[in-house]
Number of protein chains: 2
Amino acid sequence: MTLAYPLTDPRTARPTSALADAFERHGVRMIYARNEEIYAQDDEVELLYRVVKGVVRTSRLTVDGRRQVGDFYYAGDIFGLEPGPDHRFAAEALDDCEILVVRRSAVRAFAGDAALDRAILEAQRLEMERLQEHVVMLGRKSARERVASFLMSIAQRQSDEHADLAMGRQDMADYLGLTIETVSRMLTQLQGDAIVEFPSSRRFQVRKWTALEALAA
Amino acid sequence: MTLAYPLTDPRTARPTSALADAFERHGVRMIYARNEEIYAQDDEVELLYRVVKGVVRTSRLTVDGRRQVGDFYYAGDIFGLEPGPDHRFAAEALDDCEILVVRRSAVRAFAGDAALDRAILEAQRLEMERLQEHVVMLGRKSARERVASFLMSIAQRQSDEHADLAMGRQDMADYLGLTIETVSRMLTQLQGDAIVEFPSSRRFQVRKWTALEALAA
DNA sequence: CGTTCGGTTGAAGATAGTCAAGAAGCGTGG
DNA sequence: CCACGCTTCTTGACTATCTTCAACCGAACG
């Protein structure tokens with residue numbers, strides 16, 4: 001990890017809330033290399049993070065080595081906001097990342113309790129929505145449907161015709177509660193049905209939106 | 001649903017937080033019959049609920065009829081606290097229930113923004129922890145492990161030697177992301193291994209705590 | 001005493017996982 | 001620029017797990 005420079009950058013600034021404002025003023029800009037750990041499982045929760053550039057993955061390891069990926073965070077997303085005194089999920093940089101970090105107490109002093117609490121509340125909302133969707137997906141969707149949902153959410157995020165996958169197959173698998181082989185098979189299957197097309201393993205294009213939507217439902 | 005009487009009952013009162021306090025003062029006591037709906041999926045979020053007596057189940061139905069149970073709420077638990085403007089999960093009374101209900105805006109006026117936000121924050125914490133656990137369970141545990149985890153959490157909650165299941169097999173299955181048959185089979189299997197014992201289908205006793213814990217891990 | 005409902009059990013089938021091999025991309029160094 | 005090794009992804013064959021469909025059992029209730 002490299003400490004870069006504390007900064008308020010107008011390009012990445014989004015001073016829409018007390019929280020965003022606090023990030024601008026008190027944030028420290030950090031650089032993380034690919035696969036570097038941002039915080040560990042069971043670390044104390046004391047900082048808030050916002051992705052400026054790159055993609056972050058949260059994940060949890062069970063004692064016997066099974067891994068569950070919590071979510072992926074892209075530029076603008078806030079993460080590290082977890083209930084309880086320590087992190088149940090670790091956070092790692094998927095690729096080279098630029099992250100704004102603020103100390104929670106610093107934010108509180110700056111923003112005032114009420115404003116901060118409301119801002120954090122809002123961030124937690126998003127987090128909970130993600131979790132709720134995740135639960136339904138893992139509990140009630142088939143492998144094919146999970147993969148379709150995943151591609152759907154990625155494709156929606158990117159306005160471009162082509163969508164890029166920031167993560168490898170293993171990360172997808174651990175997010176979807178599947179094995180890497182099953183993910184791979186489902187992808188080739190969706191491609192065989194001409195629903196999506198992969199010019200390369202990390203890049204795809206949706207061919208039949210309605211079909212993909214139906215699966216993702 | 002039957003409206004009972006607005007009340008502050010010292011037995012069920014837990015005036016430890018602004019939220020609890022608000023429930024005491026502004027709560028309306030409602031009675032729901034077994035399987036009665038408390039709020040529907042896609043209803044607007046505007047009320048907060050606290051279980052006084054009975055058990056509540058939240059669940060979500062997909063378009064094609066699959067059901068995912070979100071969680072079960074027992075006496076003292078707060079529910080209905082969801083992100084977004086409307087409920088993604090419905091809430092229903094598992095058995096005959098007594099519920100304290102407060103209007104969010106009323107609570108806010110009473111408690112003051114800051115105190116309320118912090119109290120809601122705390123309740124949301126618990127909710128997020130449940131969701132995180134649920135994700136890991138659905139994503140990375142086998143049927144046997146899921147059932148074991150479930151029994152474990154029920155048994156821990158009840159101080160008694162015997163633990164009672166408030167819900168039927170179907171509800172367990174929909175919570176665990178399994179079918180009713182698989183749940184049943186895992187239960188008989190755990191019983192066969194003398195890890196738990198079911199004198200009746202709704203009542204059990206843990207025989208080998210260490211074995212159950214190992215599975216639940 | 002029959003009916004209903006919730007739970008269990010069995011047999012067969014589908015879905016996803018495991019193990020193993022092969023192909024394709026990618027960076028490094030000759 | 002090509003060759004090599006490494007990693008990631010794909011594919012195949014087989015197995016395990018879970019689901020499906022169906023029958024059965026037993027307690028609760030009229």
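Chain letters run A, B, ... following the sequence lines, proteins first, then strands; residues in each count from 1.
Going from atom CE of A:M186 over to atom C1' of D:dT11 covers 13 Å, rounded to whole Å. In this entry the distance linking CD of B:Q189 with C1' of D:dC18 reads 12 Å, nearest Å. B:R203 places its CZ atom 17 Å from the P atom of D:dA27, with the value rounded to the nearest Å. Rounded to a whole Å, the CG atom of A:L165 is 15 Å from the P atom of D:dT8. For the pair A:F204 CZ and D:dT10 P, the interatomic distance rounds to 13 Å; values are reported in whole Å.
For the residue pair A:D174 and A:Q170, a side-chain donor N or O sits within less than 3.5 Å of a side-chain acceptor on the partner.
Checked against side-chain hydrogen bond (donor to acceptor under 3.5 Å, both in side chains), B:R207 has the following partners two or more places apart in sequence or in another chain: B:E197.
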A:R140/A:E145 under salt bridge (charged side-chain N to carboxylate O under 4.0 Å, His left out): CA gap, chis, key distance, verdict = CA-CA 9 Å; A:R140 286 297 173 226; A:E145 291 169 327; over 6 Å; no
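Note that the two end axes of the helix from C:dC1-D:dG30 to C:dG30-D:dC1 enclose an angle of 30°, each drawn from 5 base pairs, rounded to 10 degrees.
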With the criterion being N/O to N/O and under 3.5 Å, what pairs connect the protein with nucleotides 5-8 of chain C, and how long is each?
unit_1, atom_1, unit_2, atom_2, d
C:dG7, OP2, B:R169, N, 3.2
C:dT8, OP1, B:R169, NH2, 3.2
C:dT8, OP2, B:R169, NE, 2.8
C:dT8, OP2, B:S184, OG, 2.8
C:dT8, O5', B:S184, OG, 3.0

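When heavy atoms are screened at a 4.0 angstrom cut-off, B:S142 is found touching the sugar-phosphate backbone but no base atom.
Salt-bridge annotation for A:E82 and A:R88: absent, with no side-chain N of the basic residue lying under 4.0 Å from a carboxylate O of the acidic one.
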